[in-house]
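Atoms within a ligand are numbered from 1 in the order they appear, just like the ligands themselves.
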Amino acid sequence: MTSHVMNTYARLPVAFSHGAGAWLWDEQGNKYLDALAGIAVVGVGHAHPRLAHALADQAAKLVHTSNIYVIRHQETLADKLCALSGMDEVFFSSSGAEANEAALKLARFYGHQHGVSNANIIVMEHAWHGRTIATLSATGSRKAQAGFEPLVPGFIRVPYNDQAALERVVQDTPNIVAVLMEVLQGEGGIHIADRGYVAAVARLCEQRKWLFMLDEVQCGTGRTGQWFGFQHFGVRPDVVTLAKGLASGVPIGATLAAGRAARLFKPGNHGSTFGGGPLACRAALETLAIMEDEQLLQNAERMGHLLRNGLRQALEGTAGVVALRGMGLMVGIELARPCGDLVKQALQAGLLINVTRDNVVRLLPPLIINESEVAEIVSRLAPLIRQFLAAGG
Ligand code: PLP
């Protein structure tokens with residue numbers, strides 16, 4: 001029978017019925033090790049008892065009111081996120097794309113307040129910021145943009161991690177109000193920006209009074225072993241966006257603002273029906289509490305090292321492995337040729353992985369993963385990669 005679901009994903013032929021920790025079971029009862037966590041979402045693992053209890057408890061009390069009233073859990077969550085990040089205030093939405101939309105609106109609004117009515121925002125090649133028209137326009141993927149033109153104007157794209165190119169573009173471009181970038185590109189192939197580059201961008205923004213905006217939808221919320229990716233780089237952003245792992249799969253987006261980016265919006269400038277609702281905020285508060293109590297930042301850091309070292313050893317000397325990159329539990333293995341087929345082969349071997357940019361195997365396991373599960377990922381994945389590369393093509 002043909003599906004009535006719109007054909008926007010090339011779905012794998014598997015449907016899961018339940019999970020526990022880093023494991024999922026399909027409808028036939030087969031068990032899989034989840035090295036993807038719903039693409040960096042389920043950090044605390046599947047069916048965490050504390051999260052399940054918090055969601056059930058909240059559902060029995062209050063799921064939705066509206067942002068026209070005070071939402072207590074939203075206030076508490078904003079306090080918590082500001083305490084963890086050093087930012088000043090938060091706008092809540094329901095996805096990463098919306099969190100970035102709010103950031104882009106903030107940047108334009110900031111421009112208007114400083115006499116710039118046709119603002120330009122610097123964005124990066126291979127960046128991923130979402131699929132709404134504005135965030136798609138900011139995204140550095142021609143493949144994703146094709147067919148949706150005209151794109152939103154006002155984005156100037158520069159090569160990632162290239163300070164000289166940035167400085168050249170900046171010389172020739174008027175009306176810049178902000179830079180939007182990921183310190184660690186996820187969809188772009190697990191590329192980590194150089195510390196010096198991130199510092200230079202931050203400095204440039206500070207000198208020119210632009211907003212330094214970091215998309216941490218994928219690399220935020222503990223995934224890299226710090227609460228936020230920028231905390232590895234010793235910089236202070238003006239805007240940070242979060243989503244994915246923040247509420248363990250209950251839809252949420254958050255746009256954090258500080259300093260000159262804070263206190264810009266007034267009532268009527270932006271909004272959302274669902275954003276920051278009681279259920280999503282309770283899920284986020286419980287997620288953050290679990291992360292603290294179970295020391296998941298430390299675990300992400302430690303397991304990330306084990307995973308990268310394990311893979312490095314297991315793949316040592318394998319022709320066709322171009323690079324192994326990562327930070328915490330965000331890991332990419334770049335191969336010399338397109339390797340989308342590996343996803344299906346891994347599925348058959350009971351392992352969930354992903355491939356991005358055609359030739360980068362991406363691993364984003366839950367932050368609760370333990371040593372034996374890391375060893376299991378390595379022992380299931382490395383032979384598949386070796387066989388795949390040996391088969392040529
Ligand atoms: N920004 C980054 C860095 C992402 O990785 C993604 C999704 O992969 C998005 C934004 C878009 O998030 P969402 O799919 O929740 O709209």
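Taking the ring centre of F388 as origin, the terminal cationic atom of R337 falls inside the region bounded by 6.0 Å and 45° from the ring axis.
Applying the side chain to side chain contact (heavy atoms under 4.5 Å, CB included) criterion to A261, with sequence neighbours excluded, gives L211, D238, V239, A257. For the ring-ring contact (aromatic ring centres under 6.0 Å, His included) test, residues two or more places apart in sequence or in another chain that qualify with Y32 are F16.
Sorted by first and then second residue, the side-chain hydrogen bond (donor to acceptor under 3.5 Å, both in side chains) pairs involving residues 78-88 (not counting sequence neighbours) are K80-E292.
Annotation: F274, atom CZ; neighbour count of heavy atoms from other residues, nucleotides and ligands within 6.0 Å does not exceed 12. The 12-atom threshold is not exceeded at CZ of R72, counting heavy atoms of other residues, nucleotides or ligands nearer than 6.0 Å.
Protein residues lining ligand 1, listed by chain and number: S95, G96, A97, N100, W128, H129, G130, E182, E187, D215, V217, Q218, K244 [non-hydrogen atoms, distance under 4.0 Å].
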